[in-house]
There are 2 protein chains.
Amino acid sequence: MPSEAEILDAALDLLDAGGPKAVTIRGAAAAIGAAPHAVYTYFADKAALERALLERLLDLPEKITGADDWRSEVEQLALELRRRLAAHPGAVPLLIGGPLDGPGPWRFGERLLTLLTEGGLDPAAAARGSYAVMVFVLGSIALEVADVPGAGALPPETERVDARRAALSEVPAGTYPRTAAAAGVMATWVGTEQFRWGLQRLLDGLALHP
Amino acid sequence: MPSEAEILDAALDLLDAGGPKAVTIRGAAAAIGAAPHAVYTYFADKAALERALLERLLDLPEKITGADDWRSEVEQLALELRRRLAAHPGAVPLLIGGPLDGPGPWRFGERLLTLLTEGGLDPAAAARGSYAVMVFVLGSIALEVADVPGAGALPPETERVDARRAALSEVPAGTYPRTAAAAGVMATWVGTEQFRWGLQRLLDGLALHP
DNA sequence: ACCTGAACACCGTTCAAGT
DNA sequence: ACCTGAACACCGTTCAAGT
């Protein structure tokens with residue numbers, strides 16, 4: 001009855017329902033009606049199960065449509081990764097917690113390298129730049145996901161932006177005046193708008209040093 | 001015998017010796033020779049212990065010396081945070097895994113806001129910009145720490161750069177040609193040099209949109 | 001208030017045994 | 001090869017009882 005795919009399905013359900021800590025060997029085994037040790041036939045240990053789960057979520061589509069230049073193509077690619085991970089917030093701590101290797105991260109990095117090269121960056125700048133973009137994209141998603149308490153799906157974006165604004169306005173204004181004031185002046189602070197804005201500022205900087 | 005400080009000392013030892021998963025209520029209790037439940041007198045639950053541990057690592061010094069303009073001051077501040085976290089790599093998953101509130105993150109954000117405002121950014125751009133910088137800094141550190149297997153202290157930087165280069169050169173060159181080639185063209189890729197370069201590109205972009 | 005000690009409901013992983 | 005079932009050495013947290 002058990003199979004690699006079936007175990008991963010079960011693990012993904014656990015991830016979505018209870019967050020990264022809910023992904024357990026025993027839980028996945030129980031979900032498919034097998035003994036705990038049955039999982040070890042398909043995955044060497046819990047880390048291997050987590051890696052396989054991540055790989056499954058990182059198969060970004062080969063073609064991105066609706067982008068007319070390299071900068072908006074980078075943005076679309078980043079937004080696509082962001083969408084994937086927002087759909088499974090529990091995966092983010094797993095992704096950020098382990099080394100970025102394997103086909104998923106390689107595909108993402110390769111596409112960034114290609115786009116930055118098309119944008120006119122020399123190989124060294126493209127290499128450094130693609131890593132900087134990866135850092136920004138994953139850091140943004142990580143902080144955004146970390147902001148949300150609980151384990152289930154992310155609440156609607158407007159709600160998250162409001163929650164962030166509310167949290168900022170509760171910062172002690174005496175000791176952190178600018179931080180408290182930021183609740184009033186910011187346009188969005190977290191959310192897609194902030195994500196795109198920050199990414200474009202980084203791309204601005206990269207374009208200055210081709 | 002137990003006290004809040006003593007428990008935190010023990011928890012920090014556990015963190016440094018065995019990584020974030022080694023920080024346990026029972027482990028800290030055992031280290032100070034108390035029963036597991038004694039910890040609950042000082043910390044409501046494990047999450048509270050982790051938060052207190054993080055707060056202890058994030059008391060950045062008020063003055064940064066040796067910086068003559070706002071950009072290098074931002075860089076020095078970011079480098080200081082990076083040093084702190086590099087000294088306790090196990091803390092990074094904890095920091096990135098929870099919401100960025102509490103005095104430590106607030107102080108860091110407030111100082112970024114002040115520096116960006118000094119740099120001529122209007123309040124909205126400073127707010128968005130400071131968040132972008134935070135994202136970049138924490139994302140960089142997270143990816144760099146995640147790259148290192150095992151739980152102890154980070155190996156020397158030259159070693160980590162070499163390891164990253166070696167990992168890149170083992171990427172299948174047929175499917176990911178640019179990624180594999182990056183092992184040869186990059187200057188450092190991870191490490192302080194890459195960190196500073198990426199941060200400066202982001203600051204370039206921020207300076208363009210004051 | 002603060003501690004101990006036992007207990008409950010979990011973990012990952014290992015071992016011995018089956019088919 | 002792949003599974004079961006029992007076991008080992010852990011968890012966080014709760015409960016009852018002490019002082």
Side-chain angles (χ1 to χ4, degrees), chain A residues 1-56 90-91 93-99 146 149-152, chain B residues 1-56 90-91 93-99 146 149-152:
Chain A
M1 188 69 97
S3 74
E4 195 177 312
E6 207 183 359
I7 294 169
L8 280 180
D9 285 342
L12 187 56
D13 287 344
L14 292 172
L15 182 74
D16 291 339
K21 285 180 185 175
V23 177
T24 62
I25 301 265
R26 295 176 104 102
I32 61 170
H37 190 71
V39 173
Y40 285 85
T41 301
Y42 304 93
F43 302 97
D45 52 21
K46 199 194 169 191
L49 175 62
E50 290 175 348
R51 286 179 66 88
L53 195 54
L54 276 177
E55 203 52 56
R56 194 184 148 132
L94 300 181
L95 180 59
I96 221 88
Chain B
M1 186 70 95
S3 74
E4 195 176 311
E6 207 183 359
I7 294 169
L8 280 180
D9 284 343
L12 186 56
D13 287 344
L14 291 172
L15 181 74
D16 290 340
K21 287 181 184 174
V23 178
T24 63
I25 300 267
R26 295 176 104 102
I32 62 170
H37 189 70
V39 174
Y40 286 86
T41 301
Y42 304 92
F43 302 97
D45 51 21
K46 199 194 170 193
L49 175 62
E50 290 175 348
R51 286 179 66 88
L53 195 54
L54 276 177
E55 203 53 56
R56 195 183 147 134
L94 300 181
L95 180 60
I96 220 88

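Per chain, numbering begins at 1; letters A, B, ... match sequence-line order.
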Go through the steps for Phe43(A) and Leu8(A) under the test side chain to side chain contact (heavy atoms under 4.5 Å, CB included), then give the verdict. CA-CA 10 Å; Phe43(A) 302 97; Leu8(A) 280 180; 3.9 Å; yes
Separation of His37(B) atom NE2 from dA17(D) atom P, in whole Å? 15 Å
Atom-to-atom span, CZ of Arg26(A) to P of dG5(D) - whole angstrom: 13 Å
Expressed in angstrom and rounded to an integer, what is the separation of Leu14(B) atom CG from dC10(D) atom P? 13 Å
Would you kindly give the NZ-to-P distance between Lys46(B) and dC10(D), to the nearest whole Å? 15 Å
Taking any strand in view, what nucleotide pairs with dA9(C) in a Watson-Crick or G-U wobble way, both distances under 3.5 Å? none
Give the rounded distance in Å between these two atoms: CD of Glu4(B) and C1' of dC2(C). 15 Å
Exercise: identify the closest heavy-atom pair between Leu49(A) and Ile7(A): CD1-CG2, 4.0 Å
Roughly, in whole Å, what's the span from OH in Tyr42(B) to P in dT13(D)? 18 Å
Looking at Tyr40(B), I'd like to know whether one of its side-chain N or O atoms comes within less than 4.0 Å of OP1 or OP2 on dC15(D). no
Nearest whole angstrom, please: distance from the C1' of dC10(D) to the CD1 of Ile25(A). 15 Å
Choosing from dT4(D), dC11(C), dC2(D), which nucleotide comes nearest the side chain of Ala35(A)? dT4(D)
Quick one: look up who dA16(D) pairs with, Watson-Crick or G-U, both distances under 3.5 Å, and put none if it's unpaired. dT4(C)
To the side chain of Ala34(B), which of dG12(D), dT4(C), dG5(D) is closest? dT4(C)
Mind listing the closest non-hydrogen atom pair of Glu4(B) and Tyr42(B) along with its distance? N-CD2, 3.8 Å
Glu50(A) side chain reached by Leu15(A) side chain, heavy atoms, under 4.5 Å: no
In this structure, how many angstroms lie between the C1' atom of dC3(C) and the CZ atom of Phe43(B), rounded? 16 Å
